[in-house]
Amino acid sequence: MKESNRETEVPRMNPSPNSSSDDSSSSNSSSRSDSDFAFAFNNSNFSDRELRIEILPDFKTPGDGCTSVADWAKNRKRRRRDCLKKDASEATAGRITICNFPDMDDDAAAYENRNLEAVAMVEVSPPGDEANPGRVAAKPCDAAAGDTSDAALEMDCSTVLRVETLHISSLLLAAKSPFFSKLFSNGMRESEQRHVTLRIHASEEAAFIDLLNFMYSMPLTATTPAALLDVLMAADKFEVASCMRYCSKLLRNLPMTCESALLYLDLPLTVLMAGAVQPLTDAAKQFLATHYKDVSRFQDEVLNLPLAGIEAVLSSDDLQIASEDAVYDLVLKWARIHYPKLEDRRGILSSQLERLIRFPFMSCRKLKKVLSCSDFDPEVSSKVVLEALFFKAEVPYRQRSLAAEGANSAHRRFLERAYKYRPLKVVEFEAPHQQCIVYLDLKREECAHLFPSGRVYSQAFHLGGQGFFLSAHCNMDQQSSIHCFGLFLGMQEKGSVSFTVEYEFAARSKPSEDYTSKYKGSYTFTGGKAVGYRNLFGIPWTVFVADESPFFINGVLHLRAELTIRR
């Protein structure tokens with residue numbers, strides 16, 4: 001079946017058994033392509049079976065009509081809750097009923113029992129009941145999403161609003177759907193019967209008829225996101241992968257919103273696992289990641305996202321956030337809001353959220369807090385902190401190798417994000433003097449983006465109880481009036497404490513690739529002050545960033561700052 005056929009203007013057939021499709025379809029059959037079977041839809045001349053569709057009530061309350069994606073989502077969640085309530089009610093009453101729960105949360109169980117999702121019945125007459133040849137034996141039913149009283153339950157399984165009859169081709173439906181293929185070729189006596197009965201709810205009727213139209217190469221009437229989602233769910237239920245792909249494509253082409261993106265990610269697991277829907281869910285994740293890229297700007301909204309939403313946002317490499325320490329704080333805050341019980345919170349952190357945090361790029365100061373955080377299972381926190389520390393201790397080429405290996409994996413914890421504050425490597429000493437050695441690496445493209453007056457800041461590090469940071473600048477040399485690369489050391493604002501620090505800036509350079517001292521001095525710091533050198537390498541900017549520059553080794557500028565406090 002070619003997708004182009006479904007874009008042809010074809011009038012929708014009336015599914016009524018009194019339809020005059022026999023005459024109208026034959027006159028148009030010669031003008032259609034070989035793969036277009038619209039002429040055969042509900043046409044007894046080209047059909048070998050009759051499909052009886054029994055329409056069951058939905059037990060909707062007033063205002064349940066779905067006019068938007070928001071309505072569709074609310075209805076779906078309400079039906080899910082009611083189905084679960086009904087399930088509990090039936091279990092309490094000691095009654096076992098085979099029902100269809102299309103929106104259950106227990107998606108894994110639904111996937112394992114997929115044959116129960118769409119129930120077909122073949123009309124047979126029980127022994128000794130020749131007087132009622134049309135009677136349907138042992139009909140399972142769908143679960144209604146309404147009243148959970150015994151009367152309502154009984155009505156849902158027995159009350160039929162109306163019956164629609166269609167002429168169908170078993171060969172065509174079997175070719176398009178494994179569900180119908182199994183139904184028509186299961187080797188049982190029932191599979192040879194001419195009459196086949198399906199039970200669906202009234203709210204599913206339009207989507208099911210649209211699905212049948214699609215299988216006959218007729219265009220879908222559904223155009224809104226809510227209607228297309230209904231067809232997508234019907235296609236999943238009856239295993240029509242081509243229709244799932246088509247609906248997924250149409251939904252991707254519609255304008256996406258945060259609301260619709262979250263809804264696509266909240267579809268049942270059977271739908272999400274289908275390869276046909278993967279491009280849609282990928283697009284939804286990308287939309288959320290892009291929309292909430294600047295997390296600090298949308299922090300309140302991000303904290304209110306469901307699990308699928310927070311996973312999509314924090315899995316992004318392009319997340320604009322101060323540091324991975326801030327990602328850790330955000331995850332912890334989200335978990336405490338959505339999972340107030342410690343046991344539940346530990347479970348979701350260990351199973352889902354821990355992998356969103358890239359611990360190797362957290363500061364050692366914050367990693368110490370991870371070990372003492374009661375929200376994490378001690379075994380989990382020990383594992384991730386040790387892994388992070390081992391990564392920090394690796395030589396640069398080994399770190400790059402680990403990052404490359406993890407680039408195609410689901411857990412991208414060794415890949416660095418686009419942090420607002422650049423990660424550092426810090427080595428601290430307490431004796432004979434309080435001292436720390438700080439390493440800052442900048443990529444060539446990061447340096448190039450600083451021109452003509454940009455700057456990049458490092459994460460904070462601590463010495464003598466005070467917070468410091470490094471900042472790299474592209475600035476104008478005051479003497480030569482040329483652009484150049486500068487490096488500065490600053491102390492974070494914190495009270496009126498002041499003390500003297502000896503510092504030295506160094507950088508690696510070719511051909512030896514060893515660190516070479518570029519600038520040293522002594523400075524008495526107070527809160528908010530900074531010291532440094534406007535032209536660290538004593539060369540113009542163009543020479544500094546040139547391809548033959550000796551300061552970029554494999555495209556990386558390696559800087560070192562050594563700080564010492566002498567008592």
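Heavy-atom basis, side chains included; hydrogens, waters and symmetry copies ignored.
To the nearest 0.5 Å, the span separating CD on E54 from OG1 on T165 amounts to 9.5 Å. Note that CG of L254 is 8.5 Å distant from OG1 of T223, once rounded to the nearest 0.5 Å. To the nearest 0.5 Å, the span separating CG on L303 from CD1 on I337 amounts to 4.5 Å. For the atom pair SG of C243 and CG of L232, the computed distance is 7.5 Å after rounding to the nearest 0.5 Å. Separation of atoms OG (S260) and CZ (F287) is listed at 6.5 Å; rounding is to 0.5 Å. Note: L265 CG to L272 CG = 7.0 Å, rounded to the nearest 0.5 Å.
Here the shortest heavy-atom pairing between A284 and M256 reads CA-SD, 3.6 Å. The two residues A202 and L161 have their closest heavy-atom pair at CB-CD1, 4.3 Å. The shortest non-hydrogen separation linking S169 to Y216 is N-OH, 2.9 Å. I209 and L166 get closest at one heavy-atom pair: CD1-CD1, 4.0 Å. Minimum interatomic distance between Y264 and L251 (heavy atoms only, all atoms of both residues): OH-CD2, 3.6 Å. Summarising the geometry of L173 relative to F180, their closest heavy-atom pair is O-CB, 3.8 Å, with the distance given to 0.1 Å.
No donor-acceptor contact under 3.5 angstrom links the side chains of S350 and D377, judged on distance only. Side-chain contact of S248 with R252: a donor-acceptor pair under 3.5 Å is present, judged by distance alone. A side-chain donor-acceptor contact under 3.5 Å links K420 and S296. Using a 3.5 Å distance cut-off with no hydrogens or angles, the side chains of D282 and Q286 do not pair a donor with an acceptor.
The closest donor-acceptor contact from the side chain of S351 to the backbone of G347 lies under 3.5 Å. Side chain of D210 to main chain of T221: a donor-acceptor pair is present (N/O by atom type, distance under 3.5 Å, no hydrogens or angles). For the pair W334 (side chain) and L305 (backbone), a donor-acceptor distance under 3.5 Å is present. Side chain of E301 to main chain of F298: no donor-acceptor pair is present (N/O by atom type, distance under 3.5 Å, no hydrogens or angles). Using a distance-only test at 3.5 Å, with no hydrogens or angles considered, no donor-acceptor pair links the side chain of K285 to the main chain of A312. Remark: side-chain polar atoms of T281 are paired, donor with acceptor, to backbone N or O of Q278 under 3.5 angstrom. Between the side chain of D344 and the main chain of P340, no donor-acceptor pair closer than 3.5 Å is present.
Salt-bridge annotation for E239 and K182: present, with a side-chain N of the basic residue lying under 4.0 Å from a carboxylate O of the acidic one. Between E343 and R345, none of the side-chain N atoms (NZ, or NE/NH1/NH2) sits under 4.0 Å from a carboxylate O, so this pair counts as no salt bridge. Under 4.0 Å is where a charged nitrogen must lie from a carboxylate oxygen, and between R417 and D318 no such pair does. Using a 4.0 Å cut-off between a side-chain N of Lys or Arg and a carboxylate O of Asp or Glu, R355 and E311 qualify as a salt bridge. We find that E416 and R400 are not joined by a salt bridge, their nearest charged nitrogen and carboxylate oxygen being 4.0 Å or further apart. Using a 4.0 Å cut-off between charged side-chain N and carboxylate O, E324 and R358 make no salt bridge. Ion pairing between a basic and an acidic side chain is recognised when a charged N comes within 4.0 Å of a carboxylate O; R413 and E387 show such pairing.
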_salt bridge (Lys or Arg N to Asp or Glu O under 4.0 Å) assessment of R346 paired with D375_ = CA-CA 6 Å; R346 278 190 172 185; D375 296 80; over 6 Å; no
*Could you go through the side chain to side chain contact (heavy atoms under 4.5 Å, CB included) check for H167 and E50 one step at a time?*
CA-CA 5 Å; H167 298 287; E50 280 190 7; 3.7 Å; yes
*List the steps, then state whether side chain to side chain contact (heavy atoms under 4.5 Å, CB included) holds for L220 with L250.*
CA-CA 11 Å; L220 296 179; L250 293 179; 4.3 Å; yes
*Walk me through it: do H201 and I55 pass the test side chain to side chain contact (heavy atoms under 4.5 Å, CB included)?*
CA-CA 5 Å; H201 286 294; I55 312 300; over 6 Å; no
*Hey, mind stepping through C247 and F214 against side chain to side chain contact (heavy atoms under 4.5 Å, CB included) and telling me if it holds?*
CA-CA 11 Å; C247 291; F214 181 92; over 6 Å; no
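Between F238 and F179, the ring planes are perpendicular. Angles over 60° get that label, and only those under 30° would be called parallel.
Residues L51 and L212 form a side-chain contact, since some pair of their non-hydrogen atoms from C-beta on lies under 4.5 Å apart. The closest side-chain heavy-atom distance from V384 to F376 is not below 4.5 Å. Residues L332 and C373 meet the side-chain proximity criterion, which asks for heavy atoms closer than 4.5 Å. Side-chain atoms of M362 and V370, non-hydrogen and from C-beta on, do get closer than 4.5 Å to each other.
Atom CD of E445 has more than 12 heavy atoms from other residues, nucleotides or ligands within 6.0 Å.
In this structure, F391 has its ring center no closer than 6.0 Å to that of F359.
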